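For this chain, numbers begin at 1 and follow the sequence in order. From a predicted model like this one, the values you see are computed outputs, not experimental measurements.
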Amino acid sequence: TRYWRDWSSDVCSSDLSRVVAYLYGHDPAFAVEMGKRIFQDEIDGNDGHILFGEFAATMKHCSDYIAYLEQDGLVKENWDRLLKMTSWLIANYDHNDDGLVENGDRDHGYLWCLMIGEDTNFPRLSETHGDVIVIENMQMCQLFQTMSACSTRWGLPGGDWLDGRAHKVHSALEGPAYDPDAGHYYLIYRASERRWYHSLKGINEYSRELDVTPYYAALVSGNFSRGARVAQYAQKVLLDEQVFPMPLQYPPYTWLVDNPDDPDNGLLYHSPYMFVPGGCWEESYYNCVRAWSHFGLVAPVYEAIKRRSEAHVRDQDCWEWFTQNGEVGNIARDRYGISASAHISAIIEGLYGITPTRFGFSEINIHPNFPPHWAGKPVSIRVTLPGNGFLKYVYVLDETSKTLTLTVETDKQRTGHFRLFVPEAIDSVKWNADTVLYDGGLRPGGGSFVLLTRPFKNDRLQIKLATCASKGLPARACLAV
């Protein structure tokens with residue numbers, strides 16, 4: 001169906017593109033209908049304006065759809081609509097041409113980034129026309145980068161303009177929108193005050209600074225040191241401060257609705273007229289997990305997924321939902337699978353480390369992030385890929401033989417970018433029966449990676465871990481496997 005509320009949240013549904021790729025890759029009709037929903041139901045074909053006011057969500061939908069669904073033909077058919085949308089966005093919301101889109105005429109009295117979660121952290125605002133929502137511009141940066149790469153790859157028009165805009169928004173985000181003292185990006189810019197702000201109550205369970213920012217810093221910014229610092233900060237929030245990057249109790253936030261003026265109320269959250277209990281904002285959870293996974297921070301990946309899984313077991317479902325009358329119950333006006341799909345995406349991409357490189361799955365990143373106590377037991381996964389393809393792998397870390405083995409199988413030859421964490425001492429790396437050279441990299445927090453790129457269809461990567469005796473190392477130099 002094309003009815004937009006049937007399967008997509010009007011807040012954020014970008015994780016559905018990922019889940020469809022992994023679970024319904026054998027059903028191209030579903031992928032096509034999803035593309036029509038994103039390109040045609042969210043973007044006006046005449047002038048390109050975004051129909052539902054959720055600019056960040058639409059930009060994320062487009063970026064993820066292009067990267068995951070392998071619907072090149074549909075993207076090309078809607079290329080003119082995408083160009084109109086990006087042109088309309090810049091013309092109407094970047095009035096000072098500094099690379100960052102502003103709030104403009106949306107959401108008088110409060111900003112989109114403050115609507116859900118941040119309403120407990122920030123006072124009511126006025127004169128928001130020129131204010132800048134940083135995380136929204138992070139989504140825009142990713143879209144411009146993705147579309148610029150599409151233009152180059154397929155020879156589509158607008159490439160120079162898209163590349164220029166990508167560089168412009170990136171420079172703005174990495175310049176004034178970044179706080180070097182905090183090691184984190186700001187949340188908003190208040191034009192009337194000429195001042196950048198973080199959450200006034202600090203980063204907490206409901207903070208939007210744990211939403212897009214970790215993903216952007218790790219996978220879009222191109223700045224390794226900044227990305228690692230943001231990921232390590234998010235790790236500290238979870239492991240040391242015990243703040244989960246997405247509330248574990250439902251409903252986790254409130255949908256804001258029209259309310260009377262309340263001059264005595266300094267914070268939006270306190271108004272008794274404004275809310276409808278609800279949920280489905282899981283992107284902060286997924287984005288933190290992806291950032292941790294990117295930098296090989298295994299402990300927070302495992303802890304976050306474990307805690308979310310425990311919450312699903314506790315509630316006996318994977319749904320988040322809301323009712324218009326404010327009642328909580330199993331029968332609701334709308335039910336979304338956002339919680340389930342974000343959780344599945346976090347497991348596949350964060351824990352098992354399976355992601356497309358840029359466009360589809362002809363090239364695949366395989367970066368396992370398994371906790372040490374899983375050693376000695378085979379860990380396996382099989383996922384569907386677009387075009388009725390599949391990927392299966394089995395990972396075994398054998399303490400007795402001191403070997404780490406990854407066996408990979410797919411339906412056709414693909415290129416794999418493998419990254420496996422190992423103790424510091426390595427005896428040899430073999431691809432099937434052949435000893436091979438490999439690249440290495442240090443992991444933040446200690447340890448190292450084996451990095452290898454190979455075409456594969458049914459192959460085996462085996463790493464032999466050195467003993468202290470074989471390398472002439474003191475015992476303290478050999479990490480316990």
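Checking Tyr197, Trp196, Tyr178 one by one against Tyr186, the ring pair (Phe, Tyr, Trp, His ring centres under 6.0 Å) holds for a single residue, Trp196. Between Tyr22 and the options Tyr352, Phe390, Phe361, a ring pair (Phe, Tyr, Trp, His ring centres under 6.0 Å) holds for only Phe361.
In this structure the side chain of Pro356 reaches within 4.5 angstrom of the side chain of Tyr68, judged on heavy atoms. In this structure the side chain of Ile305 reaches within 4.5 angstrom of the side chain of Tyr285, judged on heavy atoms. Counting heavy atoms from C-beta outward, Tyr189 and Leu100 have side chains that stay 4.5 Å or more apart. Leu391 places none of its side-chain heavy atoms less than 4.5 Å from the side chain of Arg382. Contact of the Ile463 side chain with the Tyr438 side chain is not registered, since no non-hydrogen atoms from C-beta on lie closer than 4.5 Å. By the 4.5 Å heavy-atom criterion applied to side chains, Glu303 and Val298 are not counted as neighbours. Residues Ser221 and Leu173 form no side-chain contact, since every pair of their non-hydrogen atoms from C-beta on lies 4.5 Å or further apart. Counting heavy atoms from C-beta outward, Val394 and Val379 have side chains that stay 4.5 Å or more apart.
Between the side chain of Arg18 and the main chain of Tyr65, no donor-acceptor pair closer than 3.5 Å is present. Of the possible polar contacts, one joining the Thr146 side chain to the Gln142 backbone as a donor-acceptor pair under 3.5 Å is found. The main-chain N or O of Val101 is found under 3.5 Å from a side-chain atom of Asn137 such that the two form a donor-acceptor pair. Checking side-chain atoms of Asp459 against main-chain N and O of Lys457 turns up a donor-acceptor pair under 3.5 Å. The backbone N or O of Leu451 sits nowhere less than 3.5 Å from a side-chain atom of Asp439 that would complete a donor-acceptor pair.
Ring centers of Phe370 and Phe421: at least 6.0 Å apart, outside the cut-off. Phe224 has its ring centre less than 6.0 Å from the ring centre of Phe295. The distance between the ring centers of Tyr93 and Trp88 falls below 6.0 angstrom.
Remark: Ile344 CD1 to Leu23 CG distance equals 5.0 Å, nearest 0.5 Å. Rounding to the nearest 0.5 angstrom, the gap separating the OG atom in Ser428 from the CG atom in Asp434 is 12.0 Å. Going from atom CZ of Arg454 over to atom CZ of Phe418 covers 9.5 Å, rounded to the nearest 0.5 Å. Within the model, atoms CD1 of Ile354 and OG of Ser345 stand 12.0 Å from one another, a figure rounded to the nearest 0.5 Å. Note: Met59 CE to Phe144 CZ = 8.0 Å, rounded to the nearest 0.5 Å. Remark: Phe55 CZ to Leu143 CG distance equals 13.0 Å, nearest 0.5 Å.
In this view, Gln462 and Thr405 satisfy the side-chain hydrogen bond (donor to acceptor under 3.5 Å, both in side chains) rule, not counting sequence neighbours.
Salt-bridge check for Lys60 with Asp64: passed, with a basic side-chain N closer than 4.0 Å to an acidic carboxylate O. Under the 4.0 Å criterion applied to side-chain N and carboxylate O atoms, Lys168 and Asp94 are not assigned as salt-bridge partners.
Here the closest non-hydrogen pair linking Ser171 and Pro176 is O-CD, 4.2 Å. Residues Pro214 and Val230 approach most closely at CA-CG1, 3.8 Å, considering heavy atoms. When every heavy atom of Ala31 is checked against every heavy atom of Gln71, the shortest pair comes out as CB-NE2, 3.8 Å. In terms of heavy-atom proximity, Gly159 sits nearest to Ser148 at O-OG, 4.1 Å. The minimum heavy-atom distance linking Ala166 with Cys141 is given by the pair O-SG, 4.2 Å. Here the closest heavy-atom approach between residue Glu136 and residue Ala56 is recorded as OE2-N, 3.8 Å.
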Would Val408 and Lys392 satisfy side chain to side chain contact (heavy atoms under 4.5 Å, CB included), going step by step from the backbone distance to the final call?
CA-CA 6 Å; Val408 289; Lys392 176 182 178 181; over 6 Å; no
Would Val220 and Met138 count as a side chain to side chain contact (heavy atoms under 4.5 Å, CB included) here? Give the steps.
CA-CA 8 Å; Val220 181; Met138 290 174 172; over 6 Å; no
Apply the test side chain to side chain contact (heavy atoms under 4.5 Å, CB included) to residues Tyr393 and Thr407: give CA-CA distance (whole Å), side-chain angles for both, the deciding distance (0.1 Å), then the verdict.
CA-CA 5 Å; Tyr393 79 64; Thr407 304; over 6 Å; no
From CA spacing to verdict: side chain to side chain donor-acceptor pair (under 3.5 Å), Glu174, Tyr185
CA-CA 8 Å; Glu174 297 302 307; Tyr185 296 83; 2.8 Å; yes
Could you walk me through whether Arg358 and Glu363 satisfy the salt bridge (Lys or Arg N to Asp or Glu O under 4.0 Å) test, starting with their C-alpha distance in whole Å, then the side-chain angles of each, then the deciding distance to 0.1 Å, before giving a yes or no?
CA-CA 8 Å; Arg358 186 184 288 269; Glu363 294 188 31; over 6 Å; no
Kindly determine whether Arg165 and Asp97 satisfy salt bridge (Lys or Arg N to Asp or Glu O under 4.0 Å), including the steps that lead there.
CA-CA 10 Å; Arg165 296 307 309 189; Asp97 196 32; 3.2 Å; yes
Thr355 vs Ile366, test: side chain to side chain contact (heavy atoms under 4.5 Å, CB included). Steps then yes/no.
CA-CA 7 Å; Thr355 57; Ile366 301 177; over 6 Å; no
Audit row: Tyr302, Trp292, ring-ring contact (aromatic ring centres under 6.0 Å, His included) steps and yes/no:
CA-CA 10 Å; Tyr302 180 71; Trp292 295 324; over 10 Å; no
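Side-chain atoms of Asp398 and Thr403 include no donor-acceptor pair closer than 3.5 Å. Residues Thr213 and Asp211 bring no donor and acceptor atom of their side chains to less than 3.5 Å of each other. There is no side-chain donor-acceptor pair under 3.5 Å between Asp131 and Asn103. In this model, a donor atom of one side chain and an acceptor atom of the other lie less than 3.5 Å apart for Glu102 and His95. When only modelled atom types and interatomic distance are considered, His343 and Ser309 share a side-chain donor-acceptor pair under 3.5 Å.
Heavy atoms from other residues, nucleotides or ligands lying under 6.0 Å from NE2 of His167 number 12 at most. For Lys76, the NZ atom sits in a packed shell: over 12 heavy atoms of surrounding residues, nucleotides or ligands are nearer than 6.0 Å. The neighbour count for Lys464 NZ, taken as heavy atoms of other residues, nucleotides or ligands under 6.0 Å away, is above 12.
Applying the salt bridge (charged side-chain N to carboxylate O under 4.0 Å, His left out) rule to pairs touching residues 284-294 yields Arg290-Glu349, sequence neighbours excluded.
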